[in-house]
Number of protein chains: 2
Amino acid sequence: MPAAAVELSDDETLEFGELMRSPGFLLRLAQVQSFDLFFDRLAKHGLKPGEFTVLWVIGLNPGLRQGVAARKLRIKPAHMTKLVQRMVTGGYVERTVPDTDRRSVRLQLTQKGEAFVAKHRAAFLEFHEAERLDLSEDEFDTLMRLLAKLTGIEGRET
Amino acid sequence: MPAAAVELSDDETLEFGELMRSPGFLLRLAQVQSFDLFFDRLAKHGLKPGEFTVLWVIGLNPGLRQGVAARKLRIKPAHMTKLVQRMVTGGYVERTVPDTDRRSVRLQLTQKGEAFVAKHRAAFLEFHEAERLDLSEDEFDTLMRLLAKLTGIEGRET
DNA sequence: AGAAATTAGTTTACAGGGAAATGTTTTCCG
DNA sequence: CGGAAAACATTTCCCTGTAAACTAATTTCT
């Protein structure tokens with residue numbers, strides 16, 4: 001073998017090159033990490049990120065149309081159907097078909113659903129803090145703002 | 001019906017509440033969006049984000065150990081095995097089991113693999129720009145920096 | 001009004017990725 | 001040295017989420 005073995009990455013340090021400028025790549029990494037953390041912290045409460053998010057949003061927007069929720073939360077309609085079915089079966093959500101447009105479905109929390117959200121609200125909010133990892137408060141705010149802008153999301157008021 | 005119908009979200013505007021401060025939520029939204037854009041732009045080149053990323057990284061780190069790649073790219077070992085198998089079958093990647101440690105597997109691109117990466121490099125880099133959407137250059141840089149910090153990633157030099 | 005097109009949600013059939021168990025090879029340590 | 005434990009990758013099985021086709025209701029066009 002020649003004198004200098006090819007710059008071999010036998011250690012744990014990797015060259016990423018332009019990947020470090022790739023939003024898609026970094027976003028995926030960050031999201032997977034955040035997901036793992038979520039399970040570490042909240043799985044014991046019986047929370048799954050998608051399901052709890054949907055309950056949360058229905059709670060804040062009673063009478064929400066199922067399709068609107070799917071679009072805004074970027075959940076595919078087919079999947080949303082299953083999610084909602086599970087939540088209805090579990091007794092957390094109620095479906096209503098309004099007379100004005102009988103194609104659509106409106107969602108609202110049952111009392112059990114309200115109670116569930118209320119019960120886990122604190123753990124959920126606290127988790128946001130954990131996710132900051134070692135970002136300063138400013139950095140965290142900036143990150144939230146940029147992600148919101150990137151996704152074109154806009155909540156009402158706060 | 002009573003005078004003021006419950007604050008009904010029959011329109012398309014949604015209240016997210018504290019979700020707007022949830023990294024996990026915003027990261028997922030951003031990542032799904034980025035993914036969709038990737039397919040819009042690059043599916044015609046036959047590129048899938050995961051696969052191309054792996055090829056890219058192997059190209060930059062010849063002799064990379066499969067397990068290290070899995071850890072760094074946050075791909076589960078089981079999935080990495082399948083990915084690599086496909087790429088070996090396709091003739092893009094070569095696997096070598098070194099004599100010094102016959103448990104491990106080292107990866108490198110074949111000529112075909114090199115050619116493939118070279119061919120699509122431009123489209124891939126250009127895509128990063130598209131992903132900026134309407135972020136300014138400063139905002140984009142900041143976002144990349146914060147995501148890198150959040151994930152604790154570090155490439156060698158730039 | 002009545003056919004055509006659009007919108008909403010569901011069903012079915014399938015692919016992608018994950019957890020757990022397995023088969024090897026290597027390291028640790030008495 | 002030799003057996004236990006660890007490291008690495010693969011295989012098997014399962015679950016989540018997706019695409020595509022479908023049913024039902026509503027709107028549009030003439």
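Note that the coordinates shown come from a computational prediction; the quantities given were computed from them, not determined experimentally. Proteins get letters first, then strands, A, B, ... in listed order; numbering begins at 1 in each.
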Visitor: Can you tell me if B:Arg71 touches the phosphate of D:dA9, counting only side-chain N or O atoms and a distance under 4.0 Å to OP1 or OP2?
Guide: no
Visitor: Quickly work out the B:Leu73 CG to C:dG17 P distance and round it to whole Å.
Guide: 13 Å
Visitor: Could you tell me whether A:Thr81 contacts a base, only the sugar-phosphate backbone, or nothing, with contacts defined as non-hydrogen atoms closer than 4.0 Å?
Guide: base
Visitor: Where along residues 38-56 of chain A does a heavy atom fall under 4.0 Å from DNA chain C?
Guide: none
Visitor: May I ask you to list the residues sharing a hydrophobic cluster with B:Phe35, side-chain cutoff 4.5 Å, ordered by chain and number?
Guide: B:Phe39
Visitor: Whole Å only: how far is the CZ atom of A:Arg95 from the C1' atom of C:dA8?
Guide: 11 Å
Visitor: With B:His120, which residues qualify under side-chain hydrogen bond (donor to acceptor under 3.5 Å, both in side chains), at least two apart?
Guide: B:His45
Visitor: At under 4.0 Å between heavy atoms, how does the protein contact nucleotides 17-29 of chain D? Give one character per nucleotide, 5' to 3', with B, S or -.
Guide: BBB-----BS---
Visitor: Run the side chain to side chain contact (heavy atoms under 4.5 Å, CB included) test against B:Ala78 and tell me which residues pass, sequence neighbours left out.
Guide: none
Visitor: When you check the phosphate oxygens OP1 and OP2 of D:dA9, does a side-chain N or O of B:Gln85 lie under 4.0 Å from one of them?
Guide: no
Visitor: Please report, to 0.1 Å, the donor-acceptor pairs under 3.5 Å made by any side chain of residues 47-58 of chain A, with sequence neighbours excluded.
Guide:
{"unit_1": "A:Glu51", "atom_1": "OE2", "unit_2": "A:Arg86", "atom_2": "NH1", "d": "2.7"}
{"unit_1": "A:Thr53", "atom_1": "OG1", "unit_2": "A:Pro49", "atom_2": "O", "d": "2.7"}
{"unit_1": "A:Trp56", "atom_1": "NE1", "unit_2": "B:Phe16", "atom_2": "O", "d": "3.1"}

Visitor: Taking CD from B:Gln31 and P from C:dG17, how many angstroms apart are they, rounded to a whole number?
Guide: 11 Å
Visitor: Can you pull out every salt bridge (Lys or Arg N to Asp or Glu O under 4.0 Å) where at least one residue sits in residues 111-126 of chain A? Sequence neighbours excluded, please.
Guide: A:Arg121-B:Glu18
Visitor: For B:Arg74, which residues count as a side chain to side chain contact (heavy atoms under 4.5 Å, CB included) partner, sequence neighbours excluded?
Guide: A:Arg28, A:Leu29, A:Val32, A:Gln33, A:Asp36
Visitor: Taking side chain to side chain contact (heavy atoms under 4.5 Å, CB included) as the test, write out the residues that go with A:Pro77, two or more places apart.
Guide: none
Visitor: Could you state the atom-to-atom distance from CE of A:Met80 to P of C:dA8 in whole Å?
Guide: 14 Å
Visitor: Is B:Asn61 reaching over with its side chain to a backbone N or O of A:Leu14, donor-acceptor style, under 3.5 angstrom?
Guide: no
